[in-house]
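For reference, the structure is listed below as structure tokens.
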Amino acid sequence: MRADRVTPGSQTSLREANRARIVSAVQQRGSLTQIELAGVTGLSPATISNIVKELSAAGVLHTANSVRNGRRALQVTLARNLGLVAGIRFGQRSLDVALADASMRVLAEQRMPLAPDHRADAGLQRTAMLVREMLQDVDAKPDELLAVGVGVPAPVDIRTGEVVTVGMMRGWDGVRVDEALEAELGVPVSTDNDSTLAAIAEARFGAGAGYDSVAYVRASHGVGGGLVLGGRAVHGRSGVAGEIGHVSVDENGPVCRCGNRGCLEMLVGASSLLSMLPESAGHLTLADLVARARDGDAGCRRVVFDAGRHLGVALANLCNLVDPDVVVIGGQLAEAGDVLLEPLRTALGQRVVATSRGPAEVVRSVLGADAGVRGALAAALDLARANGSLGVTT
């Protein structure tokens with residue numbers, strides 16, 4: 001299906017271009033009805049129908065009957081026989097692994113706890129074993145795996161997959177994740193910061209879909225951030241772009257795990273928030289804090305309110321620098337809803353440069369805890385496409 005083998009401007013060339021446009025739309029969106037495909041590509045319904053039939057017969061696309069808005073529709077995805085990808089997200093305390101087909105349809109997924117100081121070698125070997133087991137569980141052969149995407153909670157040099165910071169992930173300093181997993185699984189690997197991958201997922205499939213520029217913040221046990229500007233993730237020179245959790249907001253504040261003082265994470269990370277509660281509150285987890293704040297507990301609401309205000313102040317600086325269309329708030333703390341978001345929006349609005357457009361819209365994540373691993377799957381698909389592994393030229 002290479003258009004460069006036909007005469008430019010010919011009917012065949014136009015048809016090849018239309019095929020590529022349809023396949024690209026399905027790859028990007030994962031699953032679309034034929035009517036949605038017509039809207040996205042600008043092609044007529046008749047053209048869509050004919051090309052979808054042709055590509056389905058060729059084993060490139062798969063169709064299934066569905067219902068949208070009370071009407072029958074034909075759902076279009078990429079065929080499973082194009083191969084599978086794996087998405088992996090290492091959190092500070094948990095590991096998420098998902099296996100998906102070329103349409104981003106998740107076939108298997110697992111989440112398991114991690115020790116706070118888990119080491120790279122053991123973690124990566126365990127993850128590779130888990131991916132192999134999941135392939136077996138879905139009756140897939142090892143050679144069906146095309147690529148792997150990995151997210152880690154630290155800045156990464158995306159050219160090498162190396163964790164570039166010191167001390168943010170003990171036992172991971174200088175580790176080249178791409179090399180280690182490629183050696184274990186025998187397929188290409190793409191490694192990035194987990195919040196950047198979450199930003200990509202929200203921009204493509206979640207709360208940021210349809211916006212040109214998206215800022216994402218994950219507020220949970222730690223605080224991370226990612227930027228998607230003009231549809232592309234921003235990494236910077238050494239992978240620290242968007243790392244809002246380590247913006248210094250108090251130069252005389254406590255020393256952070258990154259080595260700086262008074263980082264935002266020291267004010268709104270889980271351990272800091274929980275330490276603000278009186279002993280009479282008992283031993284609470286972050287989930288307990290969020291649940292009690294939603295239920296009206298005065299102390300917990302105050303802690304979450306202050307966290308929202310701190311986040312708003314830090315985000316105002318980010319918005320004044322890059323001026324995103326939308327700010328997406330994810331992570332466990334975002335589950336507090338407006339208890340967190342209202343003071344955040346107020347602090348943000350008070351501190352950004354005043355314009356007739358007003359401050360950036362602030363919304364809660366749509367993908368929630370799945371954002372990071374969905375972004376890792378998207379990165380794996382992007383890598384498979386770039387390598388030509390999907391067998392489809394777009």
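Predicted model, so just to flag it, every value in this text is computed and none were measured. Note: hydrogens, waters and symmetry copies are ignored here, and every other heavy atom, side chains too, is used.
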### Task
Check the hydrophobic clustering (I, L, V, M, F, W, Y; side-chain heavy atoms under 4.5 Å; chains of links allowed) and say if M276 and L289 are grouped together.
yes
### Donor-acceptor pair, side chain of R345 and main chain of V362, under 3.5 angstrom
yes
#### Entry: Inter-residue atom distance I88.CD1 - L185.CG, 0.5 Å rounding
7.0 Å
### Message
Using modelled atom types and a 3.5 Å cut-off, is there a donor and acceptor pairing between side-chain atoms of S24 and backbone atoms of R21?
### Response
no
### Task
Take D101 and R105, measure what salt bridge (Lys or Arg N to Asp or Glu O under 4.0 Å) needs, and give me the verdict at the end.
CA-CA 6 Å; D101 62 18; R105 181 169 62 96; 3.1 Å; yes
### Query
Should L315 and V326 be counted in the same cluster of Ile, Leu, Val, Met, Phe, Trp and Tyr side chains packed under 4.5 Å apart?
no
### Query
Rounded to the nearest 0.5 Å, what separation is found between the CG atom of D173 and the CD atom of E162?
9.5 Å
### Query
How far apart are the closest heavy atoms of A86 and L377, and which atoms are they?
C-CD2, 3.6 Å
### Task
For the residue pair T160 and R176, confirm or rule out a side-chain donor-acceptor distance under 3.5 Å.
no
### Query
C263 versus C258: any side-chain heavy-atom pair under 4.5 Å?
yes
### Carboxylate-amine/guanidinium proximity below 4.0 Å for R159 and D178
no
### Within one Ile-Leu-Val-Met-Phe-Trp-Tyr cluster: V255 and V268, side-chain cutoff 4.5 Å
no
### Summary
Output for pair (L311 CG, I244 CD1), nearest 0.5 Å, gives 7.0 Å
### Query
Is I22 close to L61 at the side-chain level, that is, under 4.5 Å between some pair of heavy atoms?
yes
#### Entry: Residues T285, D288; criterion side-chain contact (heavy atoms from CB on, under 4.5 Å); working and verdict
CA-CA 5 Å; T285 65; D288 296 330; 3.1 Å; yes
### Summary
Heavy-atom closest pair (A140 atom, L84 atom, distance to 0.1 Å) is CB-CD1, 3.6 Å
### Message
Working to the nearest 0.5 angstrom, can you tell me the gap between L14 CG and N18 CG?
### Response
4.5 Å
#### Entry: Any donor-acceptor pair under 3.5 Å from D338 side chain to E342 backbone
no
### Flag side-chain contact, heavy atom, 4.5 Å: R364 against E335
yes
### Query
What do the steps show when you test L99 against L145 for side-chain contact (heavy atoms from CB on, under 4.5 Å), and what is the final call?
CA-CA 9 Å; L99 196 66; L145 185 66; 4.2 Å; yes
### Message
Between T63 and V76, is the side-chain contact (heavy atoms from CB on, under 4.5 Å) condition met? List the steps.
### Response
CA-CA 5 Å; T63 60; V76 182; 4.2 Å; yes
#### Entry: Closest heavy-atom pair and its distance - A371, A201
O-CB, 3.4 Å
### Task
Taking the side chain as every heavy atom from C-beta outward, state whether R309 and D306 have any pair of such atoms under 4.5 Å apart.
yes
### Task
Check whether any side-chain heavy atom of H246 sits under 4.5 Å from a side-chain heavy atom of V240, and report yes or no.
no
### Task
Check P153 against F90 and note the closest heavy-atom contact, atom names and distance.
CD-O, 2.8 Å
### Task
Could you tell me whether the side chain of S56 and the main chain of V52 form a donor-acceptor pair under 3.5 Å?
yes
### Query
salt bridge (Lys or Arg N to Asp or Glu O under 4.0 Å) between R292 and D295: does it pass, once the steps are laid out?
CA-CA 5 Å; R292 290 192 181 189; D295 291 341; over 6 Å; no
### Message
Any side-chain to backbone donor/acceptor pair from Q110 onto V97? Under 3.5 Å, distance only.
### Response
no
### Message
Quick check: do R294 and C300 have side-chain heavy atoms less than 4.5 Å from each other?
### Response
no
## Note on the structure
For A380 and V85, the nearest pair of non-hydrogen atoms, with its separation, is CB-CB, 3.7 Å
### Query
Just by distance, do the side chain of N65 and the backbone of R72 share a donor-acceptor pair under 3.5 Å?
no
### Query
Which distance, rounded to the nearest 0.5 Å, do you find between the SG of C256 and the CZ of R261?
11.5 Å
#### Entry: E265 (side chain) donor-acceptor with V223 (main chain) under 3.5 angstrom
yes
### Query
When rounded to the nearest 0.5 angstrom, what is the spacing between CH2 in W172 and OG1 in T165?
12.0 Å
### Query
Does the distance from a Lys or Arg side-chain N to an Asp or Glu carboxylate O, for R204 and D382, drop under 4.0 Å?
yes
#### Entry: From L333, L284, L267, V304, residue fulfilling side-chain contact (heavy atoms from CB on, under 4.5 Å) relative to L273
L333
### Any E109 side-chain heavy atom under 4.5 Å of D96 side chain
no
### Task
Work out which heavy atom in A379 is nearest to a heavy atom in S190; give both atom names and the distance.
CB-OG, 4.3 Å
### Query
When you measure from the side chain of S213 to the backbone N and O of D325, does any donor-acceptor pair fall under 3.5 Å?
yes
### Task
Return yes if some donor-acceptor pair links the side-chain N/O of E144 with the main-chain N/O of K141 below 3.5 Å, else return no.
yes
### Task
Show your working on side-chain contact (heavy atoms from CB on, under 4.5 Å) between S248 and N260 and close with a plain yes or no.
CA-CA 7 Å; S248 181; N260 290 328; 5.7 Å; no
### Message
Taking G151's backbone N and O only, do any of them form a donor-acceptor pair with D192's side chain (distance below 3.5 Å, no angle check)?
### Response
no
### Task
Give a yes or no on this: more than 12 heavy atoms of other residues, nucleotides or ligands lie within 6.0 Å of atom CZ of R126.
no
### Connected via hydrophobic side-chain network under 4.5 Å: V131 and V138
yes
#### Entry: N50 and T47: side chain donor to acceptor below 3.5 Å
no
### Query
Any side-chain heavy atom of M104 within less than 4.5 Å of one from R374?
yes
### Query
Do V353 and L344 share a hydrophobic cluster (ILVMFWY, side-chain heavy atoms under 4.5 Å, transitive)?
no
